[in-house]
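Whatever order the structure lists ligands and atoms in, that order sets their numbers, starting from 1. In this chain, residues are counted from 1 in sequence order.
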Amino acid sequence: MTETTPQEQLEKLRTALADLPRRRSQALPALHEVDHVYGFLDTAALEEVARWIHMPRAELFAVATSYTEFRWRPLAPDALRVCRGLSCRIAAGDAAPDGEDHECMFLCAAADRDPITVRGAGRLEDSLDASVFESARALVPGGESRVTVRRSAAHPQWRGWQATMQLSPSDALGLVQRAGLLGRGGAYFPVHLKWGGAVDASTRNGQPYLVANGEEGEPGTFKDRWLMESDPQRILEGIRIACYVLGAAHAFWYINGMADRSAAAAQSAIADAQAAGFLDGLTVEIRRGAGGYVCGEESVILESIEGRRAVPRLKPPYPTERGLWGRPTAINSVETLANLPDIFEYGPDWFREVGGESTPGTKLIQLSGAFRNRGVIELPLGIPVAKIIELAQPTEALAGVTMGGPSGGFLAPGHFDTPIAPGAMDGHGALLGAGGIIGIPQSFGIERALQVWADYNANESCGKCTPCREGSGRMAEALADGNWADVEALIPLITAGSLCGLGQMAANPVTSARHQFGGSIL
Ligand code: SF4
């Protein structure tokens, strides 16, 4: 095999850059082109990018260094990457092979007796063993079949969109309100209120944008990847419907930087829909994240699309008032959008047939850790956690489960009768969040899980505010030392003094564990 010369690499990069508009908002797409051509961010190549997009070199470097997924030197051809996410640690304990540690590879359901490892310097998903990928995307039996039915194959005519077009945008908004659809990204905010706010703000601040959020950067979650890989047309139809209601002519589909299969499926779905005429008058542009838990924070997504550092914005103004380039912007998770086609085809009453009165519909739950049945399962909101555990089949006695990832908390077996619904777990300090549930076996223990989350939150702080940057690291150290006096002192400082949800919720696992397990972990 012949080596590519530096000049050939540069020419390849120039060819790729030639397709990108010459402006700052192309910073992330251009950095990804460098990463694809070189396998890392070559500094000479970055100078080429800075020239191309007319961005000061120092500023481009400042942007690039804020995205933790980019690497600054090449991986060795035989490099071993090792997932050190909580699900993999449960599978392997401390017996992980030497290699480059990854916080999470989002293949949690495939972690069985060993952590997930990837050999080679290629793109992560390209380098995976096929059987690992199949296990990682398993559908757990026993759930509902609403958004997990591959709709596009059975309904190539986008019937939900056809039904939407029979309504005025305001009547379509009213239909979403009657359905009672809540956002599925973790906040469970009523979709009609978010959209209504953006429509209202459009009279002051211009035409709205839509962002379909497929960033999914929380360990223990992988349902957005499942949806994007298996039925991107369903999401795209939801994007089309949302843009109609909002009056948006431009949507961004924001996809995690590691999720290459999701991005390829989305690109192909867009091409098919354009060919069928479904996207006439609407531009849907794919953008890729580049790592960091904070990249899932909605204002960081906006910064990233505009070509800025991965640091949250001060709020207010909220994105629905002033989002992308100062215009109203509705940000909805891809799971939320995937619910829309059937709501419009079958009606709000059909949607409300399952789930709770104030929390209708289903939720995609992701199961990993000490369960025999790991993967994605679609279940009605309101179902008790105990029913999910029964379907998941623990492999051994559970100490508890994590709910809501590193910003959430734990649920002890004595509280498994709690329903999965937004707010239902507040009394236990846990969150439904994005729906990731990790089974913690007694042999692993809550204390170790707590330490994994604390270390994770400390590593993922973007560093903008001192209480989060310094406090989360010190809290992780204090936990490791068993210094509960310091932990207690740090909790209110970090919670009250942090700008975004990552810092504000970094102490949640600690308070939840203390509330539920009390003296047993002190
Ligand atoms: S709370 Fe943490 S992650 Fe959020 S802006 Fe502050 S330092 Fe960054």
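Under the side chain to side chain donor-acceptor pair (under 3.5 Å) criterion, Glu470 pairs with no residue at all, not counting sequence neighbours. Applying the side-chain contact (heavy atoms from CB on, under 4.5 Å) criterion to Asn213, with sequence neighbours excluded, gives Glu215, Ile301, Ile331.
His250 and Tyr209 have perpendicular rings, their planes meeting at more than 60° on a 0 to 90° scale where under 30° would count as parallel. Ring-plane geometry between His428 and His515 is classed as tilted, the angle between the planes lying from 30 to 60 degrees on a 0 to 90 degree scale.
With respect to the salt-bridge test (charged N to carboxylate O, under 4.0 angstrom), the residues Glu216 and Lys223 do not qualify.
Within 4.0 Å of ligand 1, the residues that place a heavy atom are Val294, Pro312, Ser461, Cys462, Gly463, Lys464, Cys465, Cys468, Ser498, Leu499, Cys500, Leu502, Gly503, listed by chain and number.
Sorted by first and then second residue, the pairs that involve residues 98-111 and meet side chain to side chain donor-acceptor pair (under 3.5 Å), not counting sequence neighbours, are Arg71-Glu100, Glu100-His102, Glu103-Asn459.
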